Amino acid sequence: MRTPASRRAEGALLRLRVQPRASRDEILGWQDGVLRVRVTAPPVEGAANAAVVALVARALRVAPATVHVVGGKSSRDKRVRVAGLTDADVRTRRRREEQPGQACARGRPDRCRRANPPRVKPDNSDNFLSPVWWADDRLMLVDQRLLPAEELDRAYGRWEDVADAIRTLVVRGAPAIGVAAAFGVALAARQSRATTFDALLGDLEAAIKGLAATRPTAVNLFWALERMRRVALASVGVPLDRVTARLLTEAQAIRDEDIAANRALGTHGAALVPANARILTHCNAGALATAGFGTALGVIRAAHAQGRVDRVWVDETRPVMQGSRLTAWECAREGIPHTLIADVVAASLMARGQVDLIVTGADRIATNGDTANKIGTYALAVLGRHHRVPFYVAAPFSTIDPALASGEHIPIEERDPAEVRRVGAQQTAPATSPVFNPAFDVTPAALITAIITERGVFRPPYDFA
Ligand code: MRU
């Protein structure tokens with residue numbers, strides 16, 4: 001009879017998927033019962049298998065000496081025997097690994113758990129948070145709908161799914177939406193089966209149209225799509241695989257430039273922050289709303305790094321709670337002193353002299369400085385004027401719409417009434433009560449003290465030329 005002891009002596013058998021020629025040895029995670037790893041060398045005999053053994057041992061927390069590669073269908077699909085464990089032991093450990101905060105696998109828009117937080121994305125600095133990046137031929141997005149309760153990355157291989165992710169707020173925030181859409185176009189080129197340039201262009205135009213139809217207010221979306229279109233149009237006569245590669249390079253450039261812009265505007269903005277500042281911000285204009293670092297929260301990050309921040313007042317930002325769910329989460333993660341407030345508290349805080357400045361992001365800025373941002377921003381600007389608290393907008397140039405002379409024509413998204421009739425899963429209003437739920441409002445330039453960009457600080461009358 002086979003007993004647990006005899007099964008242990010036999011050893012557990014597990015399947016392994018090996019991705020060779022990676023930049024480093026790493027565990028990608030479990031997917032459908034298969035452990036996925038990446039190794040620098042091809043998994044043949046000898047040294048390469050040593051890397052595989054070390055990774056399996058680490059994933060299962062066993063001694064490398066107990067792990068034996070026993071063959072498999074190919075050099076990528078391996079079978080591994082682990083002495084001292086039963087198959088049930090492996091299943092238990094695997095389930096533990098699949099809990100939030102563990103290794104990340106890739107998929108369609110698969111659920112894909114994050115590696116050890118805090119996350120280090122393919123950028124150069126430690127503790128760098130980015131909600132949008134490219135890995136393994138997929139667009140990766142942090143699912144912002146689940147934060148702060150769950151940290152989950154999703155992998156996207158089709159532009160249609162990226163459009164859906166933008167529409168449903170998996171990715172949100174003006175610059176982040178633009179970056180995601182750019183990668184969506186890069187994916188469309190990869191999805192295309194076109195054999196001629198014109199046919200490829202047709203597929204790309206369909207994707208651009210679909211991505212543009214997701215959310216109307218953030219101009220960064222249309223700006224990024226236009227950049228992608230220009231790259232495609234300029235590639236006439238270029239072999240189609242090169243066009244596809246160029247589009248990916250452009251999307252990467254849009255991402256990189258956004259991070260650089262945010263760092264630069266953070267530095268410009270920090271110079272406006274007095275010592276021991278108490279700063280009020282609204283919505284989330286942080287790393288999560290951009291490719292990284294953030295706009296309004298980028299200014300706060302930079303000022304905090306210089307020791308100037310006493311406290312950040314974080315508006316919870318009804319009804320989608322980007323302030324409490326995302327901004328407070330970013331501040332907590334980085335040790336930025338912050339206090340969460342219900343949106344209705346801002347006025348009395350200003351009346352008591354407890355706010356030194358207000359800084360928000362923007363979704364679209366007209367050439368006269370009128371600024372669309374998260375609903376509630378206008379109210380803060382009015383309060384700021386009344387209480388003599390400076391009101392700053394922080395945004396990259398990609399948020400300025402050169403085609404709009406003033407804010408009156410900025411399209412304002414209206415969202416699902418259900419967002420207002422409930423808080424989370426809790427119904428807080430009769431299901432039949434009519435709702436008005438604009439996602440953004442427009443703050444007139446006259447109420448804005450200055451607009452902070454990567455090219456410096458602009459003051460009224462605005463001239464961004
Ligand atoms: O509806 P959202 O969450 O996409 O709205 C985001 C905002 O309003 C942000 O303040 C804005 O996009 C600036 S992001 C740097």
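Atoms within a ligand are numbered from 1 in the order they appear, just like the ligands themselves. Because the structure is a prediction, the values reported are computed rather than measured.
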Derivation and outcome, side chain to side chain donor-acceptor pair (under 3.5 Å), residues Asn220 and Thr399: CA-CA 5 Å; Asn220 313 60; Thr399 308; 3.0 Å; yes
For residues 422-432, tabulate all N or O donor-acceptor pairs below 3.5 Å that involve a side-chain atom, not counting sequence neighbours.
from   : atom 1 : to     : atom 2 : distance (Å)
Arg422 : NE     : Gly424 : O      : 3.1
Gln427 : NE2    : Ala429 : O      : 2.7
Thr428 : OG1    : Arg421 : O      : 3.2

Pairs flagged by salt bridge (Lys or Arg N to Asp or Glu O under 4.0 Å) wherever residues 174-202 is involved - sequence neighbours left out: Asp137-Arg190
Residues in the immediate environment of ligand 1 (any heavy atom closer than 4.0 angstrom): Arg172, Gly173, Ala174, Pro175, Arg215, Cys283, Asn284, Ala285, Ala289, Thr290, Thr295, Gln322, Gly361, Ala362, Asp363, Asn373, Lys374, Phe440
Sequence neighbours excluded, every pair satisfying ring pair (Phe, Tyr, Trp, His ring centres under 6.0 Å) that has a member inside residues 394-451: Phe397-Phe458
Donor on one side chain, acceptor on other, Asp363 and Thr217, under 3.5 Å: no
Check: Thr339/Arg311 side-chain N/O donor and acceptor closer than 3.5 Å: yes
